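Given the structure is predicted, the values throughout are model-derived calculations rather than measurements. Throughout, numbering of the chain's residues begins at 1 and tracks the sequence.
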Amino acid sequence: MIFLLLKEIPISLMIIIICGLPGVGKTTVAKNLAPLVNAVILSTDKIRKELLSRPMYGWREKRLIYDVMILMAKYLDKVGINCILDATFTRELSRHAVKEKLGLGNKDFHIIECICPEDIVILRLRQRNHDYSDTKMKKIYEPVKEEHITIDTSNFSKTGY
C-alpha cells in the first residue's frame, strides 16, 4: 500500500502533512512512510509531551505546539531534511498556513489525509485509553480541499500494513 504512495509523491526535498481525526492511523502511516522517503517525523503529540507536563489542550496550547512544529520543519527544510508533520490539522486554513509559513510550492508540499470508519476509530482510541468526543472533533474537522492523497486505514494494524 505505502509503495503506491511513492508513485504519487516525487522523491525530492519535501514536507508531507499527514492529517485526520484522532485514531485514524496518522502516526502509523508516518512511521511506515518516513524510512521510504528518508524523512524525520514531527508529531504534535510528541512535541506536546516534551514541552508540557500537564497539557490542557486549549487553543493557546495548540497554537504553541503547532508553531514549534512549524519552526522545526522550517529548520529541517533549510538544512535539506525531508519532514513528515503528524497532526490533526483540523482546518483547511491550518494546512494552507503551513505551506505559506514554510514558503513551499506545490512540488515540495504534500498532504495525506487518513480516514477510517468511526467504529474502528473508537476501538483504537479505547485501546489507547483515550476518550472519543464525536461532537467535538468531528464538528471542527474540515475535509481537505487541496490536491492530496487519501488513505483508508481501516485495514491497518499497529505493526504495519
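Glu50 CD: 12 or fewer foreign heavy atoms inside a 6.0 Å radius. Other residues, nucleotides and ligands place no more than 12 heavy atoms under 6.0 Å from the NZ atom of Lys31. Heavy atoms from other residues, nucleotides or ligands lying under 6.0 Å from CG of Asp119 number more than 12.
Residues Arg124 and Thr28 have side chains that never bring a donor and an acceptor to within less than 3.5 angstrom of each other. A side-chain donor from one of His96 and Glu100 sits under 3.5 Å from a side-chain acceptor of the other.
Interatomic distance, Asn38 CG to Asn82 CG, rounded to the nearest 0.5 Å: 6.5 Å. To the nearest 0.5 Å, the span separating CD1 on Ile120 from OG1 on Thr153 amounts to 7.5 Å. Annotation: the span from Asp77 atom CG to Ile15 atom CD1 amounts to 4.5 Å, rounded to 0.5 Å. Summarising the geometry, atom NZ belonging to Lys26 is positioned 9.0 Å from atom OG belonging to Ser43; distances are rounded to the nearest 0.5 Å. From Leu85, atom CG reaches atom CD1 of Ile112 across 11.0 Å, with rounding to the nearest 0.5 Å.
With Tyr66 contributing its side chain and Phe89 its backbone, the two residues share a donor-acceptor pair below 3.5 Å. Using modelled atom types, one side-chain atom of Glu92 and one backbone atom of Lys145 make a donor-acceptor pair closer than 3.5 Å.
At a threshold of 4.5 Å between non-hydrogen side-chain atoms, the residues His148 and Arg95 do not count as touching. With a 4.5 Å cut-off on side-chain heavy atoms, Met72 and Val68 count as touching. At least one side-chain heavy atom of Thr90 sits under 4.5 Å from a side-chain heavy atom of Lys62.
Annotation for Leu42 and Cys83: closest pair CD1-SG, 3.5 Å, computed over non-hydrogen atoms. When all heavy atoms are compared, the tightest approach of Val121 to Pro22 is CG1-O, 3.2 Å. Heavy atoms only, all atoms of each residue included: Cys19 and Thr88 are closest at CB-O, 3.4 Å. The heavy-atom pair separating Cys116 from Asp152 by the smallest distance is CA-OD1, 4.1 Å. Across all non-hydrogen atoms, the minimal contact from Leu13 to Gly80 is CD1-C, 3.4 Å. The nearest pair of heavy atoms linking His110 to Asn106 is CE1-O, 4.1 Å.
Val40 and Leu104 fall within a single hydrophobic cluster, where Ile, Leu, Val, Met, Phe, Trp and Tyr are joined by side-chain heavy atoms under 4.5 Å apart, directly or via other members. Residues Ile115 and Ile111 do not share a hydrophobic cluster, defined by chaining ILVMFWY side chains whose heavy atoms lie under 4.5 Å apart.
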For Asp45 and Arg48, what are the C-alpha separation, side-chain angles and deciding distance, and is it a salt bridge (charged side-chain N to carboxylate O under 4.0 Å, His left out)? CA-CA 5 Å; Asp45 289 341; Arg48 185 177 289 106; 3.7 Å; yes
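Ion pairing of Lys46 with Asp86 is absent here, as no side-chain N (NZ or NE/NH1/NH2) approaches a carboxylate O to less than 4.0 Å.
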